[in-house]
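The structure under discussion appears below in the form of structure tokens.
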Number of protein chains: 2
Amino acid sequence: MLIRLDLESNEPIYIQLRNQVVEGIAKKQLHPGEALPSVRSLAADIGINLHTVNKAYQQLKQEGFILIHRQKGVVINPDGVPQADEAYMNQLKFKLHPLISESISRGLSEKEFLEVCSDIFSDFNKGGEKYE
Amino acid sequence: MLIRLDLESNEPIYIQLRNQVVEGIAKKQLHPGEALPSVRSLAADIGINLHTVNKAYQQLKQEGFILIHRQKGVVINPDGVPQADEAYMNQLKFKLHPLISESISRGLSEKEFLEVCSDIFSDFNKGGEKYE
DNA sequence: TATCTGTTATACTTCAAATATAACAGATAG
DNA sequence: CTATCTGTTATATTTGAAGTATAACAGATA
């Protein structure tokens, strides 16, 4: 599993880390039941603090993406990822709203916007980097 | 112009304010050349600090959405809003990426995702609240 | 027993966000 | 001329999140 972080970004490290794991699942690079590095080893690998990794793991656990066995370690949820529910759909709309708002104000058509989305979907279906 | 703010949100007030103006432009509630409240009056209306409003205005100015005449006040860019360029498209993709990533991991199909986007576009075309 | 795991606790630094005052300079209305 | 409006700049302070640094605990395991 390849982890890309931008330590200069205004986006918190633990959020970037959380997103990378979700992206790994979406790209089928991480499969249900697969083990993730321990908080200590991953922190050492990336060169960040143990607690920052733990914060990302805790959020992923709370969202149902991973399970944490106290001594065994961390694994991708063997039962699969929780499917989109109403709460998630509302959250998705909430996040999309300002993006679409600005696109419209900048003269982007609905068709053009949807094409951008489709292009991004293609990146996932055509299986990007599978090396780890 | 109706301003809705969530002071409890983790999203900074000045960002919310900036987004509201962009949304106003997208919804055609704010037109090129139209005046916006002064930093002091808007701050007083909303009940926040002058500098917070100023921060939002400065960003909108830097992005080309508004013009600021030193003594006249603030107006929506009379020449229209800057159209989407390559830099904006890249930024848009960057923001959409994690949203699509999570949607895929949660089993949402591309079709379903695009429909969510279309629904949001509809909200803008059918002209929401025009009262101010 | 030594070592791994996640977990918890405490303390500290750094930085963005937001507020609070105050003053300045230019334009304008009285 | 004067008072008042505008954005702008400066300074100081408070608050909270993010991230780091250590340390210790408890359970599992080799």
Side-chain angles (χ1 to χ4, degrees), chain A residues 1 3-22 30 33-78 95 98, chain B residues 1 3-22 30 33-78 95 98:
Chain A
M1 178 63 187
I3 300 291
R4 279 183 263 98
L5 294 183
D6 178 9
L7 300 183
E8 308 304 315
S9 170
N10 52 337
E11 187 151 46
I13 298 176
Y14 80 97
I15 295 291
Q16 293 183 48
L17 191 49
R18 177 265 181 199
N19 286 341
Q20 292 278 309
V21 172
V22 173
L30 293 176
E34 185 171 343
L36 290 182
S38 73
V39 289
R40 286 181 177 83
S41 64
L42 182 53
D45 278 358
I46 306 179
I48 61 176
N49 192 274
L50 166 162
H51 292 103
T52 306
V53 175
N54 189 250
K55 198 169 180 178
Y57 277 1
Q58 287 300 324
Q59 181 166 336
L60 286 164
K61 169 189 170 189
Q62 197 275 328
E63 295 172 318
F65 288 105
I66 65 177
L67 293 186
I68 303 180
H69 300 86
R70 186 167 182 101
Q71 269 69 28
K72 293 181 182 177
V74 182
V75 295
I76 304 294
N77 194 332
K95 290 177 179 174
Chain B
M1 177 63 188
I3 300 290
R4 280 182 264 98
L5 294 183
D6 178 9
L7 300 184
E8 307 304 317
S9 171
N10 52 337
E11 188 151 45
I13 298 176
Y14 80 96
I15 294 292
Q16 294 183 49
L17 190 49
R18 177 263 180 201
N19 287 340
Q20 292 279 309
V21 172
V22 174
L30 294 175
E34 184 171 344
L36 290 182
S38 73
V39 290
R40 285 180 176 81
S41 65
L42 182 53
D45 278 359
I46 306 179
I48 62 177
N49 191 274
L50 165 162
H51 293 103
T52 306
V53 176
N54 189 251
K55 196 169 181 178
Y57 276 3
Q58 287 301 323
Q59 181 166 336
L60 286 164
K61 169 189 171 189
Q62 197 274 329
E63 294 173 318
F65 288 104
I66 66 176
L67 293 186
I68 303 181
H69 299 87
R70 185 166 182 103
Q71 268 71 29
K72 293 181 182 175
V74 182
V75 295
I76 303 295
N77 193 332
K95 289 178 179 173

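Letters go in sequence order (proteins before strands), and every chain restarts at 1.
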Exercise. Taking it one step at a time, do B:V21 and B:L30 satisfy side-chain contact (heavy atoms from CB on, under 4.5 Å)?
Worked result: CA-CA 8 Å; B:V21 172; B:L30 294 175; 4.1 Å; yes

Seminar exercise, completed: Shortest non-hydrogen pair, A:R4 vs A:Q20, comes out as N-OE1, 3.1 Å

Seminar exercise, completed: Value for CD1 (B:I13) from CG (B:L17), rounded to nearest 0.5 Å, stands at 9.0 Å

Exercise. Rounded to the nearest Å, what distance is computed from the CD1 atom of residue A:I48 to the P atom of nucleotide D:dA21?
Worked result: 11 Å

Exercise. So, is A:T52 near the phosphate of D:dA18, with a side-chain N or O under 4.0 Å from OP1 or OP2?
Worked result: no

Seminar exercise, completed: Minimal heavy-atom distance between B:Q16 and B:S9, with the atoms involved, is NE2-CB, 3.6 Å

For this session: State whether the side chain of A:Q59 and the backbone N or O of A:I15 hold a donor-acceptor pair below 3.5 Å, judged by distance alone.
Result: no

Exercise. Tell me, what's DNA chain D's dot-bracket, Watson-Crick or G-U with both distances under 3.5 Å, | for other-strand, [ ] crossing?
Worked result: ||||||||||||||||||||||||||||||

Problem set entry | Atom-to-atom span, CG of B:N49 to P of C:dA22 - whole angstrom | 13 Å

Seminar exercise, completed: Distance col, row B:T52:OG1 vs B:L42:CG, nearest 0.5 angstrom, shows 10.5 Å

Exercise. Can B:V22 and B:L60 be said to form a side-chain contact (heavy atoms from CB on, under 4.5 Å), step by step?
Worked result: CA-CA 8 Å; B:V22 174; B:L60 286 164; 4.0 Å; yes

Problem set entry | Nucleotide D:dG19, atom P - distance to CG of A:L7 in whole Å | 9 Å

Exercise. Can you check whether A:Y14 has a side-chain N or O nearer than 4.0 Å to OP1 or OP2 of D:dA18?
Worked result: yes

Problem set entry | Worked verdict on A:Q58 versus A:I68 for side-chain contact (heavy atoms from CB on, under 4.5 Å) | CA-CA 9 Å; A:Q58 287 300 324; A:I68 303 180; 4.1 Å; yes

Exercise. How does protein contact run along nucleotides 2-15 of chain C, one letter per nucleotide 5' to 3', with B for base contact, S for sugar-phosphate only, - for none, heavy atoms under 4.0 Å?
Worked result: ---BBBBB------

